[in-house]
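One-based numbering, in listed order, for ligands and for the atoms of each.
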Amino acid sequence: MTAPKKKLKVATTSLAGCFGCHMSFLDIDERLFTLLEHIEFDRSPLTDIKEVSPDCDIGIIEGGLCNAENVHVLRDFRKNCKILIALGACAINGGLPAQRNHLPLTTILEEVYHTSPGVSNGMIPNDPELPLPLDQVHPIHEVVKIDYFIPGCPPSAEAIWKVLTDLLAGREPELGHGLMHYD
Ligand code: SF4
């Protein structure tokens, strides 16, 4: 009797993302069952696992970096995952959240917590439990090495499926024109 093939461990996370890339991942629909014959999810918003396992095969990152916690989680994924994938526009170039880079952080916090309509006696949150925001939003490749990029906001389920099945088959992932988009 041959031993069952070991499943690849896949961890995912959303940093400064909107969870739309994860939703697009779930859009592979019933193919998720096929995928689960070959992979098991590690730390992910889809599981209750709190830490990335040290022997993770693939890490999938949605979202750019907007605060200190994002940087910590990203470094942890890089340390523990053999392959790291930037999923979606936010992870690749900061995405729409990086529009805030046009304004100083203090101006944004003042606007949101002090002066915007509906806020009276607002205070900028100052609890040590809260991660400090970064001055600017950054793409993840500015902090760690990324192995593959899947563009799109969000990338299509077909593109995600293609990259994962290529990796599972030991092929270099390749997105054709139909799967390559940035919107
Ligand atoms: S790339 Fe688009 S869908 Fe993905 S996290 Fe960013 S805003 Fe959301």
Item checked: Main-chain N/O of Ala159 paired to Ser156 side chain as donor or acceptor, under 3.5 Å -> yes
Check: Between Lys6 and Glu40, does a salt bridge (charged side-chain N to carboxylate O under 4.0 Å, His left out) hold up when you go through it step by step?
Finding: CA-CA 10 Å; Lys6 199 168 156 275; Glu40 59 182 314; over 6 Å; no
Notebook entry, point to check: Take atom CG in Asp48; do more than 12 heavy atoms of anything else shown fall under 6.0 Å from it?
Noted result: no
Notebook entry, point to check: So, Thr12 and His22: side-chain donor and acceptor under 3.5 Å apart, yes or no?
Noted result: yes
Next item on the list: Could you tell me which non-hydrogen atom of Ser14 sits nearest to which non-hydrogen atom of Glu62, and how far apart they are?
Entry: OG-OE2, 2.6 Å
Notebook entry, point to check: So which pairs with a foot in residues 74-87 pass salt bridge (Lys or Arg N to Asp or Glu O under 4.0 Å), sequence neighbours left out?
Noted result: Asp57-Lys82, Arg78-Asp147
Notebook entry, point to check: With a cut-off of 2.8 Å, how many protein N, O or S atoms neighbour atom 6 (Fe) of ligand 1?
Noted result: 1
Notebook entry, point to check: If you measure from each heavy atom of Gly152 to ligand 1, is any distance below 4.0 Å?
Noted result: yes
